[in-house]
Structure formats: structure tokens, C-alpha cells
J.: 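Supplied in C-alpha cells, the structure appears directly below.
Being a predicted model, the structure only gives us computed values, none of them experimental.
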Amino acid sequence: MAELEDKYQKKTQLEHILLRPDTYIGSVEVTKEKLWILSNDENSKLLNKEINNIPGLAKLFDEVLVNAADASNEDNTVTQIKVEINKNELIVENNGIGIPIKIHPKENIYLPELLFGHLLTGSNFDDSKKRFAGGRNGFGAKLTNIYSSEFEVIIHDSVNNKYYEQKWNNNMSLKTEPIIKDKNFKIGKVRIRFKPDFKKFKINELSDDLVNLFKKRVYDIAGTTKENINVYLNDEKIKQNNFTKYIELYYGKDDNTVYDEQENWEIFVSFKPDHYYEHISFVNCINTYNGGTHVKYITDMIVKQLDTIIKKKNKDMNIKPQFIKDNLCIFINCLIDKPQFSSQSKEELKSKSSNFGSSYNLNDKIIKKLISFGIVEQVVNLIKIKEELKIKNKIRGKKVNNIKGIEKLEDANNAGTKLSENCFLILTEGDSAKTLAMSGRSVTGNDNYGVFPLKGKLLNVRVYF
């Protein structure tokens, strides 16, 4: 019987979350990744560097941070988000109407305890309404609570004039009774403070890499929320409070960049020759590191139009989409209705474009600007270089047999061998001209010069140097 008990087990949902973190928050192991992080200098630039990341721990912070961003999207009274980051604990706070301090009529507990201390709870389950929020499955901040040694929530309810405070400890297994007071507030507030359970991640405190990654996410929120939202990091107001200012943190001001804004969409497209295809994208303030359907949706539009334009003037040219993409860097900030992601870590959007809740119509100015930047010439030249290399590769190699069956061809001895790149084929107009060329070849030798007479003249000649 003991063997059966050991082999076949039943876990509670909380036990399962702690046992299988990768299903819910991602890896809890230190992972080397190349990511954008905030630099340590006074200029507050972003750096793309290899860091020691713990994806699961980063997601815990993100869940609470995105909650504050969701509040700013849904509640017009939200004017500020405050974040404090140090080595041992994190605090995320936003003002606004906040969470009502009321007892849930069905569950018979206060709403804050229901939302932060019970799994599969939230306000995101009504799929009949449009909802541009990051949350979807009822896990969210509860995951942060579960992977914390200490988790505290403080709420100012300005509607019901109530103060609420409650704590959880030891991975949400212990809780205090809520402290509730009558108090008048001009504006509400939700404040989350938590200490990650560092033992679960095999570290003693947040590393510099993680701190700088978390700080970068606060800058993301400042750049992707509404411009009237003031975001503070460790009591300092972030100046990059819109998407335009925010993207300058990556490459500075770039004259080869074009911007467009439509309902629920902000798009920046940069022409970066000899760079590589890059996308930096956000869905409802969530950084979709691996892109997804929204990135493909925008990129395909741009590439398709440029492809059509290039082919009009270069009909015989073989243009692959990647040739165009390799010159683009695309920044996307969008709101997606009830977004679906590849996993709870939300690094890749999977929603179909028909379910985005809005559509983006490619602005002609983006294409015109990219053309003026020189992307057409860049792509055409790239393809020509590739064709030249292809031709050169074809003429290199080991010559197995002499070319036979071509009447009047006098082939070079080294043609088709590893020395073939040194060979020339002299084409003459008729046999009489061939005689003159052959007399010249008798002086230069037969190794690198071949001769072949033509009838008439060549058409559509392309010369390579």
C-alpha cells in the first residue's frame, strides 16, 4: 500500500503550483539570457546584454506590476503608479478608485482577501465584454503571494471610506485577519508589498541583473500606459511617460524612424541597414519578448507592401521576405481584447488577428518614409550581392571532365577547377574574330583563357566586377 501511495499522489492546486513552477511562472533556475535592462548610469539608457535571469521570479514582479497598469487602463481616476525596488522586497502601488472593501455575497469574505488569497478569482472572467487587461486566468498576483515569504496588501477605499490591511506568510499558507478601519480618503489606493521566497529560487537576494531588469519593466509601464499616468521608481518620476520618449531609450533619436498611432495601436518602424530583424512589443503593457501574432500582423503588412514596390521595378528579382525584414526594427504598443498567450508567463501572443478587438490600417507614410530612407536600394543591392556570390560559387569547384559537345569552344584549362575564378571566357562576334582571339591566347597561354565565337550579339548582359 505504501508503494501505491508513493507512486500515485493527489496534490492541492497550491502544492502543484509550488511543485511545478514552470507551468505557472516559468523556470525558477538561473538562466543566461540576452535581454534589455536598465543601465546603471545617470542617463537611464537601456542596454541589450547577457544577464543571469530567473524567468519565474521576474514573472512574480510582473504580475503585480501589470495589475497596476490594468488599473490605469480601466480606471480614469488613476494618475500615478509608484514602485520601490531593493534587494529584499518590492512594492507596487497605484491610486484610483481601488478595490471595494466589501464582503463578497457568495464567498462571504472580503474582496481583497478573495482576490489576493484565493486562486481562480478576479474580474476578468466575463468574456462577453471587451477587456484590455493583462489578466485572464485568475492566477495573477496570487502566484506572487504563493512564491513569497511575506505578502502584504493595503487598500484605501475612497468610495466606502474604508482602510484595509492584510498579510500572508509562508507561500500563502498563513494569513492574518484583515485590519479594517473607517477612514475618509479623497482618492483610493492599492499597495502591494512582497518579499520573494528566495529559497525557492536558490538565491539570497535580488542580483544586480534582476534589479536592473525589474527597473526596465517599470520604464516599460511608464512608456506604454497613458501619458497622464505618472510613474515613479524609488520615488523618482520617470520622464519617459509616452511611447515616443520611451523608445529613445533603446537607440536614441533616430532619423530613420517613422511613427504612426491609431486606436489601440502605436507603431514605430526603424530602417536599420546591416542590422537584423528586431521587434520590441507590448500587449496591454506586457512585454511580449517572443513577439507573437501582433508582431507578425504588423510586420507582414509592411513587408508585403515593400515587396510589391520592389518587384515592380525588379520583376526578375527573387525577393525573400527576410531580405526586407532584416533591415527593420519594429516597436509595437497595443491593446488587445482578452489576449491569449502561449503560457502563463505571457511572453508570446497567440490571439488570432480577428480577435484583437481592433484593426490596424497600414499608413502610407510608413512605406513612403522607409523608401525615402533607402530601404529599396538596400534590399536590391543585397540581392545583387547574393546573386554575385551564387554565380561565383557556381564557377568554383573541381573540374571532372572537359566540356564536350559545344562546337568551336576552346575551353580554358583551369575552368571549373579551384582556380576557375581566375579564368575568362572571350566571346567573339563570328569566326574571324575568334581567330584574332586565338592568336592572343597563344601568347597568354591556355590555362586561364577560353574562346567561343557567337552568331550575333548578346542581349541582357550583366557585368560583375
Side-chain angles (χ1 to χ4, degrees), residues 256 271-277 299-329 364 366-465:
N256 286 346
F271 169 54
K272 292 195 175 297
D274 304 319
H275 188 61
Y276 53 88
Y277 173 59
T299 304
D300 286 353
M301 281 188 201
I302 297 170
V303 170
K304 185 177 180 180
Q305 284 219 25
L306 288 172
D307 180 73
T308 300
I309 290 168
I310 296 172
K311 282 181 177 176
K312 279 184 179 179
K313 294 183 178 181
N314 303 272
K315 295 181 179 180
D316 297 329
M317 191 166 281
N318 181 24
I319 303 172
K320 296 180 180 179
Q322 194 63 42
F323 294 162
I324 299 173
K325 287 171 64 175
D326 281 343
N327 295 281
L328 298 177
C329 178
D364 288 342
I366 289 182
I367 301 302
K368 289 177 181 178
K369 278 286 187 180
L370 288 173
I371 292 172
S372 71
F373 296 154
I375 191 169
V376 172
E377 292 82 358
Q378 173 71 11
V379 173
V380 169
N381 289 337
L382 176 66
I383 293 172
K384 285 182 178 179
I385 289 171
K386 289 182 178 292
E387 288 181 351
E388 288 179 22
L389 290 173
K390 189 175 180 180
I391 290 172
K392 286 182 179 179
N393 287 334
K394 281 186 175 180
I395 64 174
R396 293 178 182 140
K398 184 177 180 180
K399 186 174 180 180
V400 179
N401 295 308
N402 290 327
I403 297 177
K404 297 179 180 179
I406 300 179
E407 187 180 356
K408 300 182 180 180
L409 170 64
E410 301 292 341
D411 205 5
N413 294 332
N414 290 330
T417 71
K418 63 182 180 180
L419 301 175
S420 62
E421 60 184 325
N422 299 321
C423 295
F424 297 88
L425 178 62
I426 301 171
L427 300 174
T428 65
E429 188 177 355
D431 292 338
S432 58
K434 177 189 175 183
T435 303
L436 180 62
M438 289 296 291
S439 63
R441 195 172 81 142
S442 64
V443 177
T444 61
N446 302 339
D447 289 339
N448 295 327
Y449 291 91
V451 182
F452 183 65
L454 301 173
K455 294 181 179 179
K457 297 180 180 179
L458 288 175
L459 300 176
N460 300 323
V461 176
R462 179 180 294 172
V463 179
Y464 292 98
F465 296 96

J.: Specify the closest pair of heavy atoms between Leu419 and Cys423, including all atoms of both residues, with the distance to one decimal.
T.: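 Heavy atoms only, the tightest pair is O-SG, 3.9 Å.
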J.: Quick one: which residue pairs count as a side-chain hydrogen bond (donor to acceptor under 3.5 Å, both in side chains) with a foot in residues 433-447, not counting sequence neighbours?
T.: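 Residue pairs with at least one partner in residues 433-447: Asn413-Asp447, Arg441-Asn446.
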J.: Is any side-chain heavy atom of Leu328 closer than 4.5 Å to one of Ile375?
T.: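 Answer yes - side chains close enough.
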J.: If you round to the nearest 0.5 Å, how far is CD of Gln322 from CD1 of Ile324?
T.: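 So the CD1 of Ile324 and the CD of Gln322 are separated by 10.0 Å.
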J.: For Asn256, what residues pass the side chain to side chain donor-acceptor pair (under 3.5 Å) criterion, not counting sequence neighbours?
T.: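 With sequence neighbours excluded, Asn256 shows a side chain to side chain donor-acceptor pair (under 3.5 Å) to no residue whatsoever.
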J.: Using 0.5 Å steps for rounding, measure from the CD1 atom of Ile319 to the CD1 atom of Ile383.
T.: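 Here the rounded value is 4.5 Å.
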J.: Could you work out, with side chain to side chain donor-acceptor pair (under 3.5 Å) as the rule, every residue matching Thr299, not counting sequence neighbours?
T.: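 Thr299 satisfies side chain to side chain donor-acceptor pair (under 3.5 Å) with Tyr277 once adjacent residues are dropped.
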J.: The criterion is salt bridge (charged side-chain N to carboxylate O under 4.0 Å, His left out); which residues satisfy it with Lys311, sequence neighbours excluded?
T.: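 In terms of salt bridge (charged side-chain N to carboxylate O under 4.0 Å, His left out), with neighbours along the sequence ignored, Lys311 is linked to Asp307.
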J.: Can you name the residues that form a side-chain contact (heavy atoms from CB on, under 4.5 Å) with Cys329, not counting sequence neighbours?
T.: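 Scan of Cys329 (side-chain contact (heavy atoms from CB on, under 4.5 Å), adjacent residues dropped) gives Tyr251, Ser270, Lys272, Glu278, Phe331.
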J.: Please name the pair of heavy atoms, one in Asn448 and one in Asn422, separated by the smallest distance, quoted to 0.1 Å.
T.: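 So the two residues come closest at CB-O, 3.7 Å.
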J.: Applying side-chain contact (heavy atoms from CB on, under 4.5 Å), can you list everything that pairs with Ile367, at least two apart in sequence or on another chain?
T.: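 side-chain contact (heavy atoms from CB on, under 4.5 Å) check on Ile367 returns Ile302, Gln305, Leu306, Ile309, Leu362, Ile371.
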J.: Among all residues two or more places apart in sequence or in another chain, which pass the side-chain contact (heavy atoms from CB on, under 4.5 Å) test with Phe424?
T.: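 For Phe424 the side-chain contact (heavy atoms from CB on, under 4.5 Å) partners, ignoring immediate neighbours, are Tyr449.
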J.: Who are the salt bridge (charged side-chain N to carboxylate O under 4.0 Å, His left out) partners of Lys408, not counting sequence neighbours?
T.: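 Lys408 satisfies salt bridge (charged side-chain N to carboxylate O under 4.0 Å, His left out) with Asp431 only.
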J.: Residues two or more places apart in sequence or in another chain: which of them pass side chain to side chain donor-acceptor pair (under 3.5 Å) with Asn381?
T.: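 Asn381: no side chain to side chain donor-acceptor pair (under 3.5 Å) contacts found.
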J.: Could you measure the distance from the CD atom of Glu407 to the CZ atom of Phe452? Nearest 0.5 Å is fine.
T.: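 One finds 8.5 Å between CD of Glu407 and CZ of Phe452.
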J.: With Gln378, which residues qualify under side-chain contact (heavy atoms from CB on, under 4.5 Å), at least two apart?
T.: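 For Gln378 the side-chain contact (heavy atoms from CB on, under 4.5 Å) partners, ignoring immediate neighbours, are Phe271, Pro273, Asp274, Asn327.
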